[in-house]
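First up is the structure itself, then whatever we jot down about it.
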Amino acid sequence: MLRLGRAASGCRALAAPHPPGAGGHSKRASSGGKEILLNVHDGESSGIAEILMNRAHARNSLGRVLVNELFRVLESLRCDERIRVVVFKSEVKGVFCAGADLKERAQMNDAEVGHFVHRLRSLMDEIAALPMPTIAAIEGYALGGGLELALACDLRIAASSAKMGLIETTRGLLPGAGGTQRLPRCIGIGLAKELIFTGRQINGQQALSIGLVNHTVPQNDEGDAAYQRALTLAKEILPQHLQPRFNSVHVQMMQCRHLLLICGHNQTSSCHCLHQQKGGSHRCENG
């Protein structure tokens, strides 16, 4: 069994389900009924991990089991010094994530609903707080909590045929897992309000035009064009993160990334994060 490297302070050492191998391929655990799978690359792509959503019968909706499994996988990645880039993708053709499991939620009482929404918000915060770059490969539908999950990632790649939207208002609800904060940071307050108030769904090309995604690609016959582009991007990022994790250079990089998240760093803001190499200090300037 593959053992994790030296864990960072505060991390509990967890075993990953993927043995190492030679060459430029990856090792994936069999599903075994699991709703979240972890695929760790080796060889030339060593350092790339993929989180695979695998809840076909419910279109990857965010139910209790999927959320609990995702929390566990995130903890293992956070503590694994070998992982440099994480890609989120779906194993279910035609859908990234359909959002919260409303059928499951209908069986909860008010207190349970409040607890579960809080847990979803914490899940998105955990994704955003991962100490390595994260990429969402969006094929098909990313709606409600599914788009909030993608927004919690650093980068987003979408197939041109993908459909994205915070559709909660069309169901008498409000986005509760960070979408009302992260969407304005990406596209600006005015556009974010419009998309949230209307519950409108947009395709990959429209998402690119407003800055919601970094790249859009035509869908291929295999239905994994966004994933292939995300994997290419991950490999491009990989050499920049080969130095041992938690050394001073990596810590400074992560501090700067954290400041970018705090500042919003969106096209409507005049906020600029400046990383001061001398002394490793940081400052944020407005204006």
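Heavy-atom basis, side chains included; hydrogens, waters and symmetry copies ignored.
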[atom1]/[X] to [atom2]/[Y] distance, rounded to the nearest 0.5 angstrom?
{"X": "L212", "Y": "I138", "atom1": "CG", "atom2": "CD1", "result": "7.0 Å"}
{"X": "L233", "Y": "Q228", "atom1": "CG", "atom2": "CD", "result": "13.0 Å"}
{"X": "L174", "Y": "L166", "atom1": "CG", "atom2": "CG", "result": "10.5 Å"}
{"X": "E148", "Y": "Q181", "atom1": "CD", "atom2": "CD", "result": "8.5 Å"}
{"X": "I187", "Y": "E194", "atom1": "CD1", "atom2": "CD", "result": "8.5 Å"}
{"X": "R72", "Y": "N68", "atom1": "CZ", "atom2": "CG", "result": "6.0 Å"}

Less than 4.5 Å apart, side chain to side chain, heavy atoms only: is that true for [X] and [Y]?
{"X": "R119", "Y": "F71", "value": "yes"}
{"X": "T170", "Y": "T198", "value": "no"}
{"X": "R55", "Y": "V92", "value": "no"}

Please check if the side chain of [X] supplies one atom and the backbone of [Y] the other of a donor-acceptor pair under 3.5 Å.
{"X": "N203", "Y": "S161", "value": "no"}
{"X": "E139", "Y": "A226", "value": "yes"}
{"X": "T134", "Y": "D154", "value": "yes"}
{"X": "R59", "Y": "A56", "value": "no"}
{"X": "E69", "Y": "E35", "value": "yes"}
{"X": "R156", "Y": "A150", "value": "yes"}
{"X": "S45", "Y": "D42", "value": "no"}

Is there a chain of hydrophobic side chains (I, L, V, M, F, W, Y, each step under 4.5 Å between heavy atoms) that links [X] to [Y]?
{"X": "L120", "Y": "L102", "answer": "no"}
{"X": "L62", "Y": "I51", "answer": "yes"}
{"X": "L70", "Y": "L147", "answer": "yes"}
{"X": "I196", "Y": "M124", "answer": "yes"}
{"X": "I83", "Y": "L130", "answer": "yes"}

Test: D224 and K93 ion pair at under 4.0 Å: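 A salt bridge is absent here (no side-chain N lies under 4.0 Å from a carboxylate O).
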Residues D80, R82: salt bridge by 4.0 Å N-O rule: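 The answer is yes: the pair qualifies as a salt bridge.
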Geometric cation-pi criterion R105 and F116, 6.0 Å radius, 45° cone: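 No, R105 does not sit over the ring of F116.
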Cationic tip of K89 above Y227 ring, under 6.0 Å, 45° of axis: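 Satisfied, under 6.0 Å and within 45°.
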Closest heavy-atom pair and its distance - [X], [Y]:
{"X": "L155", "Y": "I237", "result": "CD1-CD1, 3.9 Å"}
{"X": "Q219", "Y": "A225", "result": "OE1-N, 3.0 Å"}
{"X": "G204", "Y": "A158", "result": "CA-CB, 4.3 Å"}
{"X": "L151", "Y": "C186", "result": "CD2-SG, 3.8 Å"}
{"X": "N54", "Y": "E91", "result": "OD1-CB, 3.6 Å"}
{"X": "V117", "Y": "G176", "result": "CG1-O, 3.8 Å"}

Residue among I202, I210, L208 satisfying side chain to side chain contact (heavy atoms under 4.5 Å, CB included) with Q206: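 With Q206 as partner, side chain to side chain contact (heavy atoms under 4.5 Å, CB included) holds for just one option, I202.
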Heavy atoms of other groups near Y141 OH, more than 12 under 6.0 Å: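 Result for OH/Y141: open.
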More than 12 heavy atoms from other groups under 6.0 Å of CG on N109: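 Correct, the count exceeds 12.
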E50 and N39: CA distance, side-chain angles, deciding distance, side chain to side chain donor-acceptor pair (under 3.5 Å) verdict: CA-CA 5 Å; E50 298 169 3; N39 182 25; 2.6 Å; yes
CA sep, side-chain torsions, deciding dist, call: I127, C153, side-chain contact (heavy atoms from CB on, under 4.5 Å): CA-CA 7 Å; I127 294 171; C153 295; 4.2 Å; yes
Verdict with supporting geometry, H41 and L231, side-chain contact (heavy atoms from CB on, under 4.5 Å): CA-CA 11 Å; H41 288 242; L231 188 57; 3.7 Å; yes
CA sep, side-chain torsions, deciding dist, call: M164, L143, side-chain contact (heavy atoms from CB on, under 4.5 Å): CA-CA 5 Å; M164 290 158 273; L143 303 177; 5.8 Å; no
Chi angles and distances behind the side-chain contact (heavy atoms from CB on, under 4.5 Å) call for F96, L149: CA-CA 10 Å; F96 177 73; L149 191 157; 4.0 Å; yes
